[in-house]
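Have a look at the structure below before the remarks.
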Amino acid sequence: MLYIVNKKGEVLKDCVERLTSHDVILLIEDAVLAAVKTSPSSVISTLASDISVYALRSDMKARGLDAQRCYERIQYVDYAGFVELVENNKPVRSCF
Amino acid sequence: MNLIGTLPLVLDVKTLFFIINKGLQGNVCGQEFLDIILMAAAFDQKVVVLFEGDGVNALLKNQQPECLNLKNMMPVLDTLPVYDINDVIVEKESMEVYGLTENELAIKAAVVSRSDIKKRLRSADHLFGF
Amino acid sequence: MLAELARDEDGFLINRNQWSEGVAEAMALEDGLTLTASHWDIIYFMQAYYDEFNHQPNARLFARAIKKKLGAEKGASIYLYKLFPDGPLKYANKYAGLPIPPSCI
Amino acid sequence: MKISIQINASPYQHQAADTAWHFIQAALEAGHEVYRVFFYHDGIFNACRDSRPPGDERDIVKRWSALQSEKGVDLVVCVSSAQRRGLLEKSVAKKVGGYIHAVADGFRIAGLGLLMESVIESDRHLTFGA
């Protein structure tokens with residue numbers, strides 16, 4: 001199952017609490033900030049290793065966020081990759 | 001069944017989950033979301049309505065949005081069985097967060113654990129939120 | 001009788017308190033329709049549905065709800081259109097003294 | 001795959017309409033079919049003909065119109081969402097003395113049935129919201 005999340009805070013938290021094995025989460029829009037390493041660590045760092053975490057590259061770039069500042073587990077996709085995630089996962093839940 | 005003079009109309013049936021995770025009052029989006037739910041039933045789709053997160057409070061009795069001149073959506077929830085929408089579930093963990101019990105809910109809803117909901121979600125075709 | 005009532009551009013009552021069976025008959029007559037027992041079944045159904053659920057169905061839901069309550073025959077489009085040739089949803093609401101549904105304007 | 005898109009947020013106020021547009025471009029590029037884009041809630045403001053952003057900014061409404069005229073993507077605005085928010089189809093506007101040019105080129109105003117059809121026909125349904 002694919003979760004598309006567009007903001008941090010409660011929306012991301014509600015979503016993260018419901019992720020289970022082999023789910024995929026894609027951070028878009030303002031949610032890409034959750035990919036950045038923080039102190040204390042963000043909820044993204046607490047996720048089990050069998051959950052794939054993606055961030056939309058153009059939303060990172062637009063906000064000046066560099067992959068080097070982000071958790072190592074984050075994978076990056078462009079819009080073509082976004083489409084592939086949608087194609088390869090069902091169902092899709094948009095969290096906004 | 002009357003098949004004579006009737007075109008064989010085969011409508012695909014999909015399983016659609018409608019997730020209510022916020023209140024139904026305060027803005028018109030909840031009201032408009034209910035319209036989609038009812039419409040899905042009118043198209044003979046398999047409809048599941050799920051209340052979770054803050055949305056469990058949308059089931060509270062005694063909501064009085066009329067005091068703000070807002071339309072009360074609680075009676076509209078009572079139309080669900082009219083359109084044969086009987087698969088209404090509410091997440092157990094969210095009920096616990098707010099200390100709610102089943103008899104505090106305005107409509108009949110099955111209390112289901114987060115993990116069992118997840119199993120059902122995985123078999124859905126499309127998920128809707130608002 | 002109709003002249004003194006506040007109504008919108010489609011002739012719908014602005015204030016349902018002014019509704020009576022006589023008003024419904026007059027509004028229908030103005031549209032060239034004489035209400036029969038079959039019309040009243042639908043009109044009373046609309047009023048009861050609105051009072052119970054605080055909701056106005058669209059055309060598809062309307063037929064569905066009637067089918068559920070009054071049986072498949074009365075919920076059939078052909079039957080409803082025979083009763084209200086210019087649009088069952090719009091005119092059933094109108095003669096019931098209810099607001100005009102968004103899709104009917 | 002066939003993709004159905006729903007847009008729930010107004011343009012400019014939020015990124016949803018931009019994200020949806022970029023997603024649709026990529027989906028078409030990859031050879032997928034975008035069955036329909038359905039504008040709901042405040043998403044109906046994506047169809048406002050008189051939106052006039054400054055000349056050096058993206059024109060979201062024109063971009064949608066172009067998607068329809070160049071790629072043939074069906075753009076449908078929900079009639080009840082639109083009427084509530086003051087966006088009237090020409091014939092309705094004429095009747096009530098409203099503004100008859102409100103809806104931009106390439107959009108059509110219709111009911112929720114078209115959303116349901118789009119959802120039933122499509123392999124994926126994606127909602128973009130605020």
Side-chain angles (χ1 to χ4, degrees), chain B residues 7-50 52-55 58 65 69-71 73 76 79-80 83-85 121-130, chain D residues 1-11 13-17 19-20 23 27 32-47 76-87 109-130:
Chain B
L7 281 171
L9 181 65
V10 183
L11 253 182
D12 207 1
V13 177
K14 302 226 158 149
T15 302
L16 311 178
F17 267 73
F18 293 88
I19 304 170
I20 295 173
N21 61 1
K22 48 181 86 94
L24 292 172
Q25 321 289 1
N27 63 37
V28 85
C29 291
Q31 184 181 338
E32 290 177 334
F33 190 64
L34 288 179
D35 284 340
I36 303 185
I37 299 176
L38 299 180
M39 203 56 175
F43 273 77
D44 299 309
Q45 301 300 297
K46 228 175 144 246
V47 173
V48 187
V49 184
L50 162 63
E52 66 170 35
D54 292 348
N69 209 5
L70 299 171
K71 191 179 170 84
M73 297 314 293
V76 184
T79 65
L80 296 177
Y83 302 106
D84 299 314
I85 301 171
L121 278 179
R122 286 186 184 282
S123 65
D125 289 297
H126 302 302
L127 312 179
F128 292 79
F130 72 99
Chain D
M1 85 184 139
K2 273 190 203 173
I3 308 169
S4 163
I5 303 281
Q6 182 181 335
I7 296 179
N8 285 357
S10 66
Q13 173 88 5
H14 193 273
Q15 210 186 327
T19 304
F23 177 87
H32 299 296
E33 180 190 344
V34 175
Y35 190 84
R36 178 167 295 142
V37 184
F38 194 84
F39 297 87
Y40 204 55
H41 302 308
D42 279 3
I44 63 105
F45 291 114
N46 281 274
V76 175
V77 180
C78 172
V79 60
S80 47
S81 285
Q83 281 185 10
R84 177 176 278 125
R85 293 166 179 81
L87 187 77
I109 297 214
L112 274 181
L114 288 195
L115 172 65
M116 286 333 300
E117 187 213 12
S118 179
V119 165
I120 295 166
E121 289 292 323
S122 298
D123 304 301
R124 297 288 184 277
H125 176 71
L126 254 70
T127 309
F128 294 89

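Quick note on labels: first sequence line is chain A, next is B, and so on, each numbered from 1. In this text, all values refer to a predicted model and were calculated from it rather than measured experimentally.
- With sequence neighbours excluded, the residues satisfying salt bridge (Lys or Arg N to Asp or Glu O under 4.0 Å) with E117(D) are R36(D).
- Here I36(B) is the residue among I36(B), D35(B), L16(B) with the most heavy-atom pairs under 4.5 Å with chain D.
- Remark: side-chain polar atoms of S81(D) are not paired, donor with acceptor, to backbone N or O of C78(D) under 3.5 angstrom.
- Interatomic distance, L34(B) CG to M73(B) CE, rounded to the nearest 0.5 Å: 4.5 Å.
- Only the side chain of L115(D) comes within less than 4.5 Å of a heavy atom in chain B; its backbone stays farther off.
- By number of non-hydrogen pairs under 4.5 angstrom with chain B, the leading residue of Q6(D), R124(D), H41(D) is H41(D).
- Only the side chain of R84(D) has a heavy atom closer than 4.5 Å to any heavy atom of chain B.
- A search for side chain to side chain contact (heavy atoms under 4.5 Å, CB included) contacts involving D123(D) returns M1(D), K2(D), not counting sequence neighbours.
- Residue N27(B) does not touch chain D at all, counting heavy-atom pairs closer than 4.5 Å.
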Determine, stepwise, if the pair I5(D) / V34(D) fulfils side chain to side chain contact (heavy atoms under 4.5 Å, CB included). CA-CA 8 Å; I5(D) 303 281; V34(D) 175; 4.2 Å; yes

